[in-house]
Amino acid sequence: MFGVVPKVLWEKQKPPDELNRVTMDMNCLLIRDGSHVVLVETGAGPKLNDKQKRNFGVDGPPRLLDELAAHGVRPHEVTLVVNTHLHFDHAGGNTYRDGDRLVPTFPRASYVFQRLEWADANAPNERTRGSYLVDDFAPLEATGKLELIDEAVEILPGIRLDRIQGHTRGTQTVRVTDGKETLFFSSDFMPDRHHLPLPWIPSQDLYPLDTLAAKRTILPRAVAEKWIVAFTHDVPRFGRITEHEGRYRFDEI
Ligand SMILES: [Zn+2]
């Protein structure tokens, strides 16, 4: 998770278990106004087999639909699904198995991805193949619910998607604003608060120097504009970033 950072440094921040694993969550974001119900990410979903669950260390059953229900949202009420990228831990809940058919979990929603991510997920190579599970996204094409975007798009008033090459070519971040406050959903561009220091970049990133360049631009903005920052793989989930003598700090809100 921490790339070139030696274990003697990262294990103080994030102690590993006996198998050298660290705990990570798979956070989804629910955004609602009067007429739209937007879901960002769908977690690992219900389709992983026992071997995949063991290999990826996925504990427990998926919680997304129960948590949506707890917020009064039923699957057919979701109008838009955004995946920041198409790795299984972000897109797995897009679809489920109904007998031998694969169907969209959110039948009335449009599903929004970057066009480059769609292209790369559908043509993986030896390095990227393990992270893309075709059943998570391929069935969506036939439903006509796919919406492919390029670069930066205000997908709804106040909800902006920006492609940031780094983790993959087509990873996108999400920024939500009501005109006063801005919330930034990091995606795997910065998976958790331990990735605030500039060189702490996961070895999974396909373009780590692009991640670095984006961090140099985005982190000062997050500080200056007092963004609420939500990390994809962290608990705590929401906080603000401050900077003291060149070091970034995260405080939960
Ligand atoms: Zn991820």
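Both backbone and side-chain heavy atoms feed into the values below; hydrogens, waters and symmetry mates do not. This is a predicted model, so every value here is computed, not measured. Both ligands and their constituent atoms are indexed starting at 1 by order of listing.
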Note to self: As a test of reading the structure, name the N/O/S atom of Asp188 that is nearest the Zn ion (ligand 1).
What the structure shows: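 Looking only at N, O and S atoms of Asp188, the one nearest the Zn ion (ligand 1) is named OD2.
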Next item on the list: Provide the atom name of the closest N, O or S atom of Asp89 relative to the Zn ion (ligand 1).
Entry: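 In Asp89, the N, O or S atom with the shortest distance to the Zn ion (ligand 1) is OD2.
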Margin query: According to salt bridge (charged side-chain N to carboxylate O under 4.0 Å, His left out), who are the partners of Lys47, at least two apart in sequence or on a separate chain?
Written below: Asp136
Margin query: Looking at every non-hydrogen atom in both residues, tell me the closest pair between Lys145 and Pro107 and how far apart they are.
Written below: CE-O, 3.8 Å
Notebook entry, point to check: Would you say Ile201 and Leu206 are hydrophobically clustered, going by side-chain heavy atoms of ILVMFWY under 4.5 Å?
Noted result: no
Margin query: At a threshold of 2.8 Å, where the distance has to be below it, does the Zn ion (ligand 1) have an N, O or S atom of His85 nearby?
Written below: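 His85 does not place any N, O or S atom closer than 2.8 Å to the Zn ion (ligand 1).
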Next item on the list: Specify whether an N/O/S atom of His90 falls short of 2.8 Å from the Zn ion (ligand 1).
Entry: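 So His90 does bind the Zn ion (ligand 1) by this criterion.
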Next item on the list: Assess whether atom NZ of Lys226 is packed by more than 12 heavy atoms of other residues, nucleotides or ligands within 6.0 Å.
Entry: no
